[in-house]
Amino acid sequence: YIIGMNTNSNTYTVIYSIILVVIVAAVLAFAAMFLKPTQDANVKKDTISQILTAATFTGVEDSKILDTYRQEIESAILVDINGEEVGTLDIQECEVYSNSDLKRQITADPKALPVYIFKNGITVIPCYGAGLWGPIWGYVGLEKDLKTIKAVRFGHKGETPGLGAKISDEPSFAEAFVGKTIGEGEVIFEVTKPANRQTENNGVDAISGATITSQALGKTLDQWFGFYKNYFAKNAAVCCGQACEEVAAEEVVEPVNTV
């Protein structure tokens, strides 16, 4: 039909444009569908790389990220708001929560929050929230007491380069978290200007020139630490009990045989 039409007519132009748009849309849809598994795999690998960084496994080669995760993690579980285990994640399949999964947990009821426990004694928990220009997220590695921060890794989608983006690309900012502890009062953790800090060890200084992003990260951490507080309380108590038993065992002195 279109072959015999007047190529200078408006009808020909409209029909030709429609056909061209349909063909291009079909090609793009096919390409997106074809590439999606690869894209999903890359996103998962990047997520696991961030989790490993929070667990102090840094500098892992790209080709070894998944194998390192399988070798070094002890268990990956899901817990509810009461700190009770409600499920597990498949370690061999490298099953982890995506950012979309984390976002859903903010309003989910009941919740199923991921906990990544590594053989080196570090427990990694995630966080997700809203920054200045888009979502921000992160992973926090905790020592056995489930209070002291060992390492962190943060990410963002659209924070300002050189300012808010420093939450992910400024090593000194991540280093400031090391040794800080999760609080138990009204303010669990904060990222703000030194003059506005309500606590000394339960927070870090905001990034200069990026106050809004810094405060948003602080609120995100405070919220997610709150989600896990019952898990922390129950499992830290177990660790403390074991530690006390070990100390007590070391202090037992064998009686001297005087016979």
Side-chain angles (χ1 to χ4, degrees), residues 37-105 108 111-128 136-155 168 171 174-175 177-182 220-221 224-225 227-243 246:
T38 301
Q39 293 172 340
D40 291 344
N42 288 336
V43 170
K44 174 187 281 191
K45 184 183 291 186
D46 182 61
T47 298
I48 291 175
S49 177
Q50 294 178 54
I51 294 172
L52 288 174
T53 298
T56 70
F57 297 100
T58 58
V60 180
E61 295 180 16
D62 187 73
S63 60
K64 297 181 179 179
I65 289 175
L66 300 185
D67 286 339
T68 301
Y69 178 78
R70 294 188 187 99
Q71 293 168 5
E72 300 297 340
I73 195 165
E74 182 175 300
S75 61
I77 63 175
L78 301 174
V79 300
D80 61 19
I81 202 70
N82 297 314
E84 300 293 336
E85 183 175 336
V86 294
T88 59
L89 297 172
D90 193 320
I91 292 176
Q92 292 307 310
E93 293 297 326
C94 294
E95 184 182 6
V96 294
Y97 265 30
S98 66
N99 282 346
S100 297
D101 295 326
L102 296 178
K103 182 179 180 180
R104 283 193 290 270
Q105 287 306 309
K111 296 186 186 301
L113 306 163
V115 179
Y116 306 98
I117 305 168
F118 286 83
K119 297 175 182 177
N120 62 1
I122 295 177
T123 296
V124 176
I125 62 165
C127 64
Y128 182 95
I136 55 177
W137 60 87
Y139 296 90
V140 180
L142 301 171
E143 295 187 9
K144 291 182 179 180
D145 61 3
L146 298 181
K147 290 180 61 177
T148 307
I149 297 176
K150 186 70 174 179
V152 297
R153 181 70 172 94
F154 299 116
S168 65
E175 291 168 1
F177 285 81
V178 179
K180 298 296 184 179
T181 58
I182 298 173
T220 297
L221 288 168
W224 282 77
F225 288 159
F227 289 163
Y228 286 98
K229 67 179 182 180
N230 288 323
Y231 174 80
F232 294 156
K234 291 181 178 180
N235 290 274
V238 171
C239 293
C240 289
Q242 290 178 343
E246 292 173 0

> Taking all non-hydrogen atoms of both residues, which atom of Val96 and which atom of Asp101 are closest, and how far apart?
Replying inline: O-OD2, 4.3 Å
>> Do Val60 and Tyr69 have side chains that approach each other closer than 4.5 Å (heavy atoms only, starting at C-beta)?
In response: no
>> Applying side chain to side chain contact (heavy atoms under 4.5 Å, CB included), can you list everything that pairs with Ser100, at least two apart in sequence or on another chain?
In response: Ser98, Arg104
>> Just checking Lys103: does its NZ atom have more than 12 heavy atoms from other residues, nucleotides or ligands closer to it than 6.0 angstrom?
In response: no
>> Quick check: closest heavy atoms across Thr56 and Ala151, and the distance to 0.1 Å?
In response: CG2-CB, 4.1 Å
>> Using the rule given for side-chain contact (heavy atoms from CB on, under 4.5 Å), can you reason through Tyr97 versus Gln105, listing the C-alpha separation, both sets of side-chain angles and the distance that settles it, and then say yes or no?
In response: CA-CA 10 Å; Tyr97 265 30; Gln105 287 306 309; 3.9 Å; yes
> Rounded to the nearest 0.5 Å, how far does OG1 of Thr68 lie from CG of Leu66?
Replying inline: 8.5 Å
>> Distance check, rounded to the nearest 0.5 Å: Ile51 atom CD1 versus Arg153 atom CZ?
In response: 12.0 Å
> Where do Leu78 and Pro114 come nearest, in terms of heavy atoms and distance?
Replying inline: CD2-CA, 3.8 Å
> How long is the gap from OH on Tyr139 to CG on Leu52, to the nearest 0.5 Å?
Replying inline: 11.0 Å
>> Apply side-chain contact (heavy atoms from CB on, under 4.5 Å) to residues Val140 and Tyr228 and explain how you reach the verdict.
In response: CA-CA 12 Å; Val140 180; Tyr228 286 98; over 6 Å; no
Scan the side chains in residues 41-50 for donor-acceptor partners under 3.5 Å anywhere in the protein, sequence neighbours excluded, and list what turns up.
residue : atom : partner : partner atom : Å
Asn42   : ND2  : Thr38   : O            : 3.3
Lys44   : NZ   : Glu93   : O            : 3.2
Lys45   : NZ   : Asp62   : OD2          : 3.4
Asp46   : OD2  : Gln50   : NE2          : 2.9
Thr47   : OG1  : Val43   : O            : 3.0
Gln50   : OE1  : Trp137  : NE1          : 3.1

>> Does atom NZ (Lys150) have a neighbourhood of more than 12 heavy atoms from anything else shown, all under 6.0 Å?
In response: no
>> To the closest 0.5 Å, what do you measure between SG (Cys127) and CZ (Phe227)?
In response: 10.5 Å
>> I'd like to check Phe232 versus Leu142 (side-chain heavy atoms, cut-off strictly below 4.5 Å). Are they in contact?
In response: yes
> Between CD1 of Ile136 and OH of Tyr128, what distance do you get to the nearest 0.5 Å?
Replying inline: 9.5 Å
> In chain order, what residues pass the salt bridge (Lys or Arg N to Asp or Glu O under 4.0 Å) check against Lys147, with sequence neighbours excluded?
Replying inline: Glu184
> Does the pair Phe118 and Val124 meet the rule for a side-chain contact (heavy atoms from CB on, under 4.5 Å), with working shown?
Replying inline: CA-CA 8 Å; Phe118 286 83; Val124 176; 3.9 Å; yes
> What closest approach, in Å, do Asn230 and Ile81 show between heavy atoms, and which atom pair accounts for it?
Replying inline: ND2-O, 2.8 Å
> Where is the tightest heavy-atom contact between Arg70 and Asp67, given as atom of each residue plus distance?
Replying inline: NH1-OD1, 2.9 Å
>> Do Trp224 and Leu102 have side chains that approach each other closer than 4.5 Å (heavy atoms only, starting at C-beta)?
In response: yes
>> Within the structure provided, determine whether Phe154 and Leu221 are in side-chain contact (heavy-atom separation under 4.5 Å).
In response: yes
> Between the side chain of Asn120 and the main-chain N/O of Ala55, is any donor-acceptor distance below 3.5 Å?
Replying inline: yes
> Atom OG1 in Thr181, atom CD1 in Ile149: separation rounded to 0.5 Å?
Replying inline: 7.5 Å
> If every non-hydrogen atom of Leu113 is compared with every non-hydrogen atom of Asp80, which pair is closest and at what distance?
Replying inline: CD1-O, 4.5 Å
> Hey, are the side chains of Tyr231 and Leu146 touching, using non-hydrogen atoms and a 4.5 Å cut-off?
Replying inline: yes
